[in-house]
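This report refers to the structure that appears directly beneath it.
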Amino acid sequence: MTELHENHGQLTVNAAGRSWTLERPADLESLWESMDENDPEAEEHIPYWVELWPATLALCGWLARQDLAGRRCLDLGCGLGLSALVAANLGAQVVGMDYEHDALYFASRNTRINSVPSPLWVRMDWNNPGFAPASFDRIWGGDIFYEQRFFEPLENLLLRSLAPGGRVWFGDPERTVSSTVWSKFSRRGWRVRNQGKEVVPFEQARMTVNVWELFRPQ
């Protein structure tokens, strides 16, 4: 059971068997209102990272049930860092990757606040990843297929960065835009498994999240 309590500058969440406190600069609505509407790149920098999305919370529950000790792991779009911190707390060697510098700043602060071994926080664009081939045993991301244009660069990253025998996990809240993603992966040679649903409270409502597992046949 995942419980989330939030205010403008801090989130408290019970996930993966413990309580987590996460600092953030403000809530999404406040930061969005402060953005420059005339900035031509504003759409690329909408601060989605300041929220804890249901897909990430579902992934945390899934990670807590896996054997991650000693495994090399990559958190795609780590945001405030929760799923990376959960994995680090389980003994994984974690890289938390995000495009936004501010997200990584707060993820680093949240490492210290929660007293867990620090992941390596990396600012990187998944369109141009800089990881060596076969770097990671496990890769995951929460709700990252919210635009169709993300599929190709993300699959390219997975094909390059996932080690032989590795696993990929995605939390997906059944968005219309991502509904065809899983069959597309399957057609391209991935083994795709739906590992179950979790209903997560979110903004006075409840959202159903699927956890999908992908791997390449040996």
Side-chain angles (χ1 to χ4, degrees), residues 2 15-18 52-79 81-98 107 116-122 124-127 129-146 150-175 178-198 200 208-218:
T2 301
R18 61 163 285 183
L52 274 182
W53 300 98
T56 295
L57 297 175
L59 268 178
C60 288
W62 172 256
L63 295 176
R65 299 191 294 273
Q66 309 308 308
D67 178 12
L68 296 181
R71 296 193 186 276
R72 302 165 298 161
C73 300
L74 173 62
D75 185 343
L76 289 166
C78 64
L82 179 61
S83 54
L85 297 182
V86 166
N89 195 50
L90 294 168
Q93 302 173 31
V94 189
V95 174
M97 168 186 159
D98 206 285
V116 298
S118 182
L120 174 63
W121 304 110
V122 175
M124 193 177 293
D125 184 348
W126 60 41
N127 290 287
F131 301 119
S135 294
F136 301 104
D137 305 307
R138 302 290 184 265
I139 300 175
W140 62 79
D143 198 3
I144 60 178
F145 289 104
Y146 57 89
F150 295 158
F151 179 88
E152 296 293 343
L154 282 168
E155 192 202 19
N156 289 336
L157 184 154
L158 298 179
L159 290 169
R160 175 179 174 82
S161 301
L162 188 65
R167 293 291 188 271
V168 182
W169 299 315
F170 291 118
D172 176 66
E174 299 185 339
R175 296 186 185 278
S178 63
S179 62
T180 62
V181 163
W182 319 111
S183 59
K184 192 171 183 178
F185 272 118
S186 183
R187 290 195 300 273
R188 295 192 176 194
W190 293 86
R191 297 291 186 268
V192 180
R193 298 174 178 169
N194 187 329
Q195 296 288 14
K197 299 176 183 285
E198 182 173 344
V200 181
T208 300
V209 178
N210 291 285
V211 175
W212 293 90
E213 181 178 70
L214 285 66
F215 62 96
R216 301 290 292 185
Q218 296 296 298

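Scope of the values below: all heavy atoms of this structure, side chains included, with no hydrogens, waters or symmetry mates.
- Heavy atoms only, all atoms of each residue included: Trp121 and Ala84 are closest at CH2-CB, 3.8 Å.
- Taking the side chain as every heavy atom from C-beta outward, Phe136 and Arg71 never approach each other to under 4.5 Å.
- Among residues two or more places apart in sequence or in another chain, the side chain to side chain donor-acceptor pair (under 3.5 Å) test is passed with Arg72 by Asp137.
- With sequence neighbours excluded, the residues satisfying ring-ring contact (aromatic ring centres under 6.0 Å, His included) with Tyr146 are Tyr48, Phe150.
- With sequence neighbours left out, Arg18 forms a salt bridge (Lys or Arg N to Asp or Glu O under 4.0 Å) with no residue at all.
- Listed here is the closest heavy atom pair of Thr56 and Gly142: OG1-CA, 4.2 Å.
- Counting only residues at least two apart or on different chains, the side chain to side chain donor-acceptor pair (under 3.5 Å) pairs with a member in residues 82-96 are Asp75-Ser83, Ser83-Trp140.
- Every side-chain contact (heavy atoms from CB on, under 4.5 Å) that Arg65 has, sequence neighbours left out, goes to Trp62.
- Residues that satisfy the side chain to side chain donor-acceptor pair (under 3.5 Å) test with Ser135, not counting sequence neighbours, are absent from this structure.
- Annotation: side chain of Met124 is in contact with side chain of Pro129 (closest heavy-atom distance under 4.5 Å).
- Annotation: cation-pi geometry not satisfied between Arg191 and Phe215 (NZ/CZ under 6.0 angstrom from ring centroid, within 45° of ring axis).
- Between Asp98 and Cys78 the shortest heavy-atom distance is OD2-N, 3.3 Å.
- Taking Asn156 as the reference, nothing meets the side chain to side chain donor-acceptor pair (under 3.5 Å) condition, with sequence neighbours excluded.
- Side-chain contact check for Asp172 and Asn210: no donor-acceptor pair (N or O, by modelled atom type) lies under 3.5 Å.
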Which is it for Arg216 and Leu159 under the side-chain contact (heavy atoms from CB on, under 4.5 Å) test, yes or no, and what are the steps along the way?
CA-CA 9 Å; Arg216 301 290 292 185; Leu159 290 169; 3.9 Å; yes
Stepwise, does the side-chain contact (heavy atoms from CB on, under 4.5 Å) test hold for Leu157 with Met97?
CA-CA 12 Å; Leu157 184 154; Met97 168 186 159; 4.2 Å; yes
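- Rounding to the nearest 0.5 Å gives a distance of 4.5 Å between CD1 of Ile144 and CG of Leu154.
- Applying the side-chain contact (heavy atoms from CB on, under 4.5 Å) criterion to Pro164, with sequence neighbours excluded, gives Ala134, Gln218.
- Not counting sequence neighbours, the partners of Trp169 by the side chain to side chain donor-acceptor pair (under 3.5 Å) test are Glu213.
- Annotation: the span from Arg167 atom CZ to Ile139 atom CD1 amounts to 12.5 Å, rounded to 0.5 Å.
- With rounding to the nearest 0.5 Å, the separation of OG in Ser186 from CZ in Arg193 is 12.0 Å.
- Partners of Ala64 under the side-chain contact (heavy atoms from CB on, under 4.5 Å) rule, at least two apart in sequence or in another chain, are Ala16.
- Considering all non-hydrogen atoms of both residues, Thr180 and Ser183 come closest at O-OG, 3.1 Å.
- For the atom pair CG (Leu59) and CG (Leu82), the distance works out to 10.0 Å, reported to the nearest 0.5 Å.
- Every residue two or more places apart in sequence or in another chain that forms a side-chain contact (heavy atoms from CB on, under 4.5 Å) with Arg188 is listed here: Phe151, Glu152, Glu155, Lys184, Trp190.
- Residues Cys73 and Leu68 approach most closely at SG-CD2, 4.4 Å, considering heavy atoms.
- Of the options Phe145, Trp182, Phe170, Phe185, a ring-ring contact (aromatic ring centres under 6.0 Å, His included) to Trp212 is made by Trp182 and by none of the others.
- With hydrogens and angles disregarded, no donor-acceptor distance shorter than 3.5 Å links the side chain of Ser161 to the backbone of Leu158.
- Summarising the geometry of Pro217 relative to Gly189, their closest heavy-atom pair is CD-O, 3.3 Å, with the distance given to 0.1 Å.
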